[in-house]
There are 8 protein chains.
Amino acid sequence: MNFERLPFATIDHLRPITQGHQEVIFCPGTTRADPAQSEGLAQRYPRAEVNALARTVFLAPDPEPVPTGRGTILVCTAGTSDLPVAEEAAVTARALSNTVERLTDVGVAGIHRLLSQTDVLRCAGVIIVVAGMEGALPSVVGGLVKVPVIAVPTSVGYGASFGGLAALLAMLNSCASGVTVVNIDNGFGAAAAASRINHS
Amino acid sequence: MNFERLPFATIDHLRPITQGHQEVIFCPGTTRADPAQSEGLAQRYPRAEVNALARTVFLAPDPEPVPTGRGTILVCTAGTSDLPVAEEAAVTARALSNTVERLTDVGVAGIHRLLSQTDVLRCAGVIIVVAGMEGALPSVVGGLVKVPVIAVPTSVGYGASFGGLAALLAMLNSCASGVTVVNIDNGFGAAAAASRINHS
Amino acid sequence: MNFERLPFATIDHLRPITQGHQEVIFCPGTTRADPAQSEGLAQRYPRAEVNALARTVFLAPDPEPVPTGRGTILVCTAGTSDLPVAEEAAVTARALSNTVERLTDVGVAGIHRLLSQTDVLRCAGVIIVVAGMEGALPSVVGGLVKVPVIAVPTSVGYGASFGGLAALLAMLNSCASGVTVVNIDNGFGAAAAASRINHS
Amino acid sequence: MNFERLPFATIDHLRPITQGHQEVIFCPGTTRADPAQSEGLAQRYPRAEVNALARTVFLAPDPEPVPTGRGTILVCTAGTSDLPVAEEAAVTARALSNTVERLTDVGVAGIHRLLSQTDVLRCAGVIIVVAGMEGALPSVVGGLVKVPVIAVPTSVGYGASFGGLAALLAMLNSCASGVTVVNIDNGFGAAAAASRINHS
Amino acid sequence: MNFERLPFATIDHLRPITQGHQEVIFCPGTTRADPAQSEGLAQRYPRAEVNALARTVFLAPDPEPVPTGRGTILVCTAGTSDLPVAEEAAVTARALSNTVERLTDVGVAGIHRLLSQTDVLRCAGVIIVVAGMEGALPSVVGGLVKVPVIAVPTSVGYGASFGGLAALLAMLNSCASGVTVVNIDNGFGAAAAASRINHS
Amino acid sequence: MNFERLPFATIDHLRPITQGHQEVIFCPGTTRADPAQSEGLAQRYPRAEVNALARTVFLAPDPEPVPTGRGTILVCTAGTSDLPVAEEAAVTARALSNTVERLTDVGVAGIHRLLSQTDVLRCAGVIIVVAGMEGALPSVVGGLVKVPVIAVPTSVGYGASFGGLAALLAMLNSCASGVTVVNIDNGFGAAAAASRINHS
Amino acid sequence: MNFERLPFATIDHLRPITQGHQEVIFCPGTTRADPAQSEGLAQRYPRAEVNALARTVFLAPDPEPVPTGRGTILVCTAGTSDLPVAEEAAVTARALSNTVERLTDVGVAGIHRLLSQTDVLRCAGVIIVVAGMEGALPSVVGGLVKVPVIAVPTSVGYGASFGGLAALLAMLNSCASGVTVVNIDNGFGAAAAASRINHS
Amino acid sequence: MNFERLPFATIDHLRPITQGHQEVIFCPGTTRADPAQSEGLAQRYPRAEVNALARTVFLAPDPEPVPTGRGTILVCTAGTSDLPVAEEAAVTARALSNTVERLTDVGVAGIHRLLSQTDVLRCAGVIIVVAGMEGALPSVVGGLVKVPVIAVPTSVGYGASFGGLAALLAMLNSCASGVTVVNIDNGFGAAAAASRINHS
């Protein structure tokens, strides 16, 4: 049988022809997968990888095939509080058959941390930049590279952050031309877009 | 001499090594190039192409080289009122050395106009979707193709459109995964992003 | 006796002359009927139908009379997350003496699901379209039919959905002329409006 | 020939089969038809009716056929400043083959003006209520009648009216169940919706 | 001793000369007095009147003196959900030495309920009108009377009510001249303002 | 004849019984009376008083009767830029038969200017406080007096003033209990409310 | 060893050369340090000072060195509800090696409380003003002194306070020139800015 | 005589004792000094310096005294469109007796332009950072220096810049601790604050 019904999801064991990748057990919504759901899946599928930070459960094929994406998708993170969204993006990108790398905690208030990694940035095929608060990192990254940059605002912050609105508006107004933006905390969408680019 | 100073801009006749494309005479701001500026440039550079709709002036190299981008950038427009932004995107994409095609007036209220063009959509390498009002077109396009889709909200509309905010929010919340968004009326930015993808 | 007092509501067993329909046990507010309330009513009225999704309790007359509305009210839903609001609309419309049909999970990102149901859409007397996120479905439906279309934005989404604001603005700016809108998550109001139309 | 091209519009002299009504020379956008456009059309088509308040130009068939709509569409206006939007609705409704009546300047601050017209309200098939400022009129009307009520917020007001936002929000939160809402200043859309109802 | 320290408040047993009234045990903030606080005060002061709806505790002087305010302060309420705010206003007004009357559940969707009470409205010295949702009641009341009308928006509603913003904006844009407004849910402030008027 | 029709207004020469005051030639809207209108009225009615700052034209009865209001209405202004709104309030209050005094340019950044006028404040029967920018003046005035205080936010300011929103929100959140608020720039409404109080 | 890893933080026992001050155990985020974290740190470091109001834990060097800042940082508070933010500022300023003084509950509705402390205000080197609700205190303080004034809006308030937005906008629009603003509830940031000034 | 009255301003030729600096002919408001005003002043005061970009007119004492501020105020600008606000700050700071330097066009999309000027940044006593669009520059500057940083958001941008709101929110959420913010386009206020710091 090609799929299996659980109380809250239907797992598709057949890799769809139309989309070219295996099923991602992605639990969308405001809360993603809660611990009970993750544990239930992990017990049933011992090979499933639970990423507590990303709130994802990933059941990779065995053996996991070589990624089909052309280049590497680099997931850059401004601060440690942005990691849940960044990990959601990284897990999704891997599940969509891409090679993924991470560059963490390189926010603009300590700009030399980012600049020391310029080579890493320039080797990537697509860059996903995850940042909350003032959302400035995509502008700096966009000015350093020629490859596509996808900005993900996060709801990290308080007060006049307004749940990520500040970062979202900043990213939409980036002075680095060629930066595109997805919804607040939408690591999944950023990875889907990056994978489209990486497979085009 | 490699550049020429005008009262309001500096035209760079040397195609920069670092960016890989000739100078685009782009006049950013809220108003873009006004008629007086366009006429002044057109008189001085008889070969310059003035696009009144896009409010751009483009001085192509002679002969114009073969585009370096891998595929075609398709610029889709929901309604005729969105054409100025769409044309700004199209002219910019051509200036950045991409092959450009257009698909105009295919808004979702007459969905069969779009569906009859599915082949055109699926042949594109990158699709820029320009829409005002409810900004629904990118979601439909994103569901029809696998290639990257860049959504451009426009300020077309009135009342609760709030200057393009309605379309912007709709596009950020697209249920078609993998759609990314640029600023309201930012045809230039969408083309720059599409060109990054098309050259990656 | 014509009514019965409960601690939190007064159930009217007399179908009012002025409104032409039996009493709907509708529990307005942000939370609708909670499980304890539903269970209490169900124990007291064994014939009451509890709709957990809609958070409604409906006590139909016995026997339930033939609906007085002229045509069918069709409740269309973009995604499964929109079902609570859609069910509230469907239960309310039935309670107001209308024939109700449902068309579920026909969001615009997979447009062929909707188009395959064009006949169903065109047979309806009034259509209620329930959608969250980018709220695009009413525009497509409005372009396919001539009958009245009532759009219900839902608070489904996160980040820049802003609790349903994105869908609300999209629906107010629909390019399909003749679409009207009710408050976010207001399935009850949409059904009341549809029933007014269906009885006019 | 079935249509005629003007510099700014294409007039369709053939009444379309698919829509069931003659062409409305409607000039959408924030400004509607300006005086120069109206005068140009009036000179070319001596029979065209120019409504300066509504900023519409209407070329009725000769002879004008009997309206096909079932009942009367009543256009209620809260104040004289709301008349441009109300007239746009009235002209559009007539052009879509409906009988139209008007009830003007019956705002809620002088509630007896409205109550003295209860009979007029109850004879209508559909009621369009146009109001700016606090947008309260649809709630009162909705409580007086059983027929469908379409509320049109206008941008009449200043300060915390925020271009009609105050009236829009009030109408979306109407405590009279069954009131639906269109975009700010969208008299055209209200008439299109009313006509759908009146022909259903 | 003139005052008494509790863990969360200081009760002033001396009626201040400067303000002309006894101490109101008012617990401001988002939550007002919670049940534990109310019970603690009630046990210590057996004569204290706990108003669970208003979340107030009032310790009247014994004997309670004749009110010093010139006329009656009438507290009008649109719906039963607005009662907590209305009761806060009523208790505060009494504590500030005013005669208080109530008129409850006279919202505009059933306008005859209000109109049947026109005599009551016209006998009042000051009227406080408490309403959520579309906040229309103050406009109607303001048009019926000549006395000062203070409007209190409440956070009753959901979706596009935005926590009372819809009612607040409506009241600020009232077409009945001479209506003034206080903060959302601010029954205390409305009563303080009414008492200033009633003692002027 | 009791009234006279002009192209843009109807002047009522009969003092209405129901309202107790002569006709105020008030020109509401965003622009109030423009210079051409004022001049036209001034030429026709030589006794009319044109207040260019307030954009009002006032035709007082001859002789002007003794004000019927109980006390003095004091119009306080934070800065000179707030004068147009303050003058609109002052002219309206006089037209509604009240004694009016003015206290100008006493903003909180130079608090001693206000404190030196405490006696003037305490002699007033009602105080209208007009302020833009941060809108702080009503809180300070409200803490100095016991009489009713009506706050009028103005659109004076720029940037994050957002057309008077900053002052409006500040006034609604005043920590001085008993301050009520009218719409942005609504000097007319403040005077109408003050006159209601002064005649109660 | 220079630092010590805890499950949720890394305590740096080495005073960094680059920043010139010892490690502040500051727990940023929306919740600051919760009671469990505070207690854990207090048990491990008996000398740590837990400030329950500020939700901070401070481990001062032993002996605590003389502050290096030039003058005194005065933390002014409008109301007692603003104390948590004010204490966060005070503790942070001390940890950054500044002399700190406090002036509490001097809000503008009782302006004489502030004016009696003018000498204290004028002796400070930098003043941090913490206020919620209408956020008026910084304007008054800024008009009384020549030294730098940093305004901190707090989320104290309800309704149209919108989580501190009212106070934030008021402070940004202060008519006292030379007042600067930090994020809502950002006592830490205000202290960091004040310390920069005090060490410049 | 110590001052001179013009139709629109009063020029104070006496340097006030209380403020310690000569009169700045600053023309506040949304438009600052228009060309006619500037020209009028320039003709009357041949020594007045008209800064067309800043829209200021400055009449320096002769001879101009040595600045009394301790250090240098550095005005940093992200882009050329931000120059009007930056120049207003620079002229104001000079008029308030400070030494002023400028660093122009060092926005974050070309980060090396800024980093090559680190020495200039670190020599300043106070830094004013002027930026529109995404407003990211203050965060980077704040991370590079220890001195006070005052961020000025500008209204440069379009669409989702919302008149400078995007930059304002970004700056309020800066991850570089110790950055403070003034109102949108408020170069004058930033200079006043910087001068307070430079004279403390």
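Residue numbers begin at 1 in each chain, while the letters A, B, ... track the order of the sequences. Since this is a predicted model, take the numbers as computed values, not measurements. Scope of the values below: all heavy atoms of this structure, side chains included, with no hydrogens, waters or symmetry mates.
Here C:Ala109 is the residue among C:Pro138, C:Gly159, C:Ala109, C:Gly142 with the most heavy-atom pairs under 4.5 Å with chain B. Of all the listed residues (C:Gly143, C:Cys175, C:Ser177), the one sharing the greatest number of non-hydrogen pairs under 4.5 Å with chain B is C:Cys175. Most heavy-atom pairs under 4.5 Å with chain B, from the set C:Val108, C:Asn173, C:Val179: that is C:Asn173. Heavy-atom pairs under 4.5 Å with chain B were tallied for C:Leu172, C:Val140, C:Leu114; the largest tally goes to C:Val140. Among B:Ala136, B:Gly107, B:Ala78, B:Ala160, the residue making the largest number of heavy-atom pairs under 4.5 Å with chain C is B:Ala160.
For the residue pair B:Ala170 and C:Ala166, the shortest heavy atom distance occurs at N-CB, 4.5 Å.
Annotation: B:Glu49, atom CD; neighbour count of heavy atoms from other residues, nucleotides and ligands within 6.0 Å is above 12.
Listed by first and then second residue, the side chain to side chain donor-acceptor pair (under 3.5 Å) pairs involving residues 71-83 of chain B are B:Asp82-B:Thr154 (not counting sequence neighbours). Listed by first and then second residue, the side chain to side chain donor-acceptor pair (under 3.5 Å) pairs involving residues 110-137 of chain C are B:Ser139-C:Glu134 (not counting sequence neighbours).
The CG atom of C:Leu169 sits 10.5 Å away from atom CG of B:Leu168, with the distance rounded to the nearest 0.5 Å.
With a 4.5 angstrom heavy-atom cutoff, B:Leu115 touches chain C only via side-chain atoms.
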